[in-house]
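In this text, all values refer to a predicted model and were calculated from it rather than measured experimentally.
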Amino acid sequence: MQPEPSSTPVTVVKNPGRERFEIFTAEDPVQFAGFLAYRVIDEQTVELQHTIISEGFSRRGFARTLVTSALDQIREEGGRIVPTCSYVQDYLERFPQYADLVAKA
């Protein structure tokens, strides 16, 4: 099963200065919709701490789109994750194709 993206066009960007992935609507006007906070553990590993979606964007697939995009980016960079965020933990159960990103203890 593949994760369904948001039906609203979005842009996801990594913001290292704030240690988070941010999601914005791609329509005019561009609006900030939420973020996935992370903490760098080492060169290869980030702890995914919590997913926050702004109230006006909840229940519309933004969290799933944000997490999918973040995990895809982490995979492209050859990284690993420690998923302490409950949303990310649930996501990994529903989409086991991302389980290989979880850092070994």
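For Phe57, the ring-ring contact (aromatic ring centres under 6.0 Å, His included) test picks out Phe62, with sequence neighbours left out. In this structure Asp90 satisfies the side-chain contact (heavy atoms from CB on, under 4.5 Å) test with no other residue, sequence neighbours excluded.
Between Arg80 atom CZ and Arg75 atom CZ the span is 8.5 Å, to the nearest 0.5 Å. Atom CG of residue Asp100 and atom CG of residue Leu92 lie 9.5 Å apart, to the nearest 0.5 angstrom. The CZ atom of Phe95 sits 11.0 Å away from the CG atom of Leu71 when rounded to the nearest 0.5 Å.
By the rule that hydrophobic residues join a cluster once side-chain heavy atoms approach within less than 4.5 Å of another member, Ile74 and Val10 end up as members of one cluster. Side-chain heavy atoms closer than 4.5 Å link hydrophobic residues (I, L, V, M, F, W, Y) into clusters, and following such links, even through other members, never connects Val40 to Phe35.
Nearest heavy-atom pair, Ala70 versus Leu36, reported as atom, atom and distance to 0.1 Å: CB-CD2, 3.8 Å.
A donor-acceptor pair under 3.5 Å is absent between the side-chain atoms of Tyr98 and the main chain of Asp72, judged by distance alone. In terms of modelled atom types and a separation under 3.5 Å, the side chain of Gln44 and the main chain of Gly78 share a donor-acceptor contact. Remark: the backbone N or O of Ala26 is not paired with any side-chain donor or acceptor of Thr11 at under 3.5 angstrom.
Contacts classified as ring pair (Phe, Tyr, Trp, His ring centres under 6.0 Å) and involving residues 8-29 (residues at least two apart or in different chains) are given here: Phe21-Tyr38, Phe24-Phe32. For residues 33-48, the pairs satisfying salt bridge (Lys or Arg N to Asp or Glu O under 4.0 Å) are Arg39-Glu47, with sequence neighbours left out.
Membership of the apolar cluster around Val82 extends to Ile41, as traced through chained side-chain contacts below 4.5 Å between ILVMFWY residues.
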Please determine whether side-chain contact (heavy atoms from CB on, under 4.5 Å) holds for the pair Leu48 and Val67, giving the CA-CA distance in whole Å, both sets of side-chain angles, and the decisive distance to 0.1 Å. CA-CA 10 Å; Leu48 299 180; Val67 171; 5.9 Å; no
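Annotation: Arg18, atom CZ; neighbour count of heavy atoms from other residues, nucleotides and ligands within 6.0 Å does not exceed 12.
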Between side-chain atoms of residues 49-56 and protein atoms elsewhere (two or more places apart, or another chain), which donor-acceptor pairs fall under 3.5 Å?
{"residue": "Ser54", "atom": "OG", "partner": "Ala33", "partner atom": "O", "Å": "3.4"}

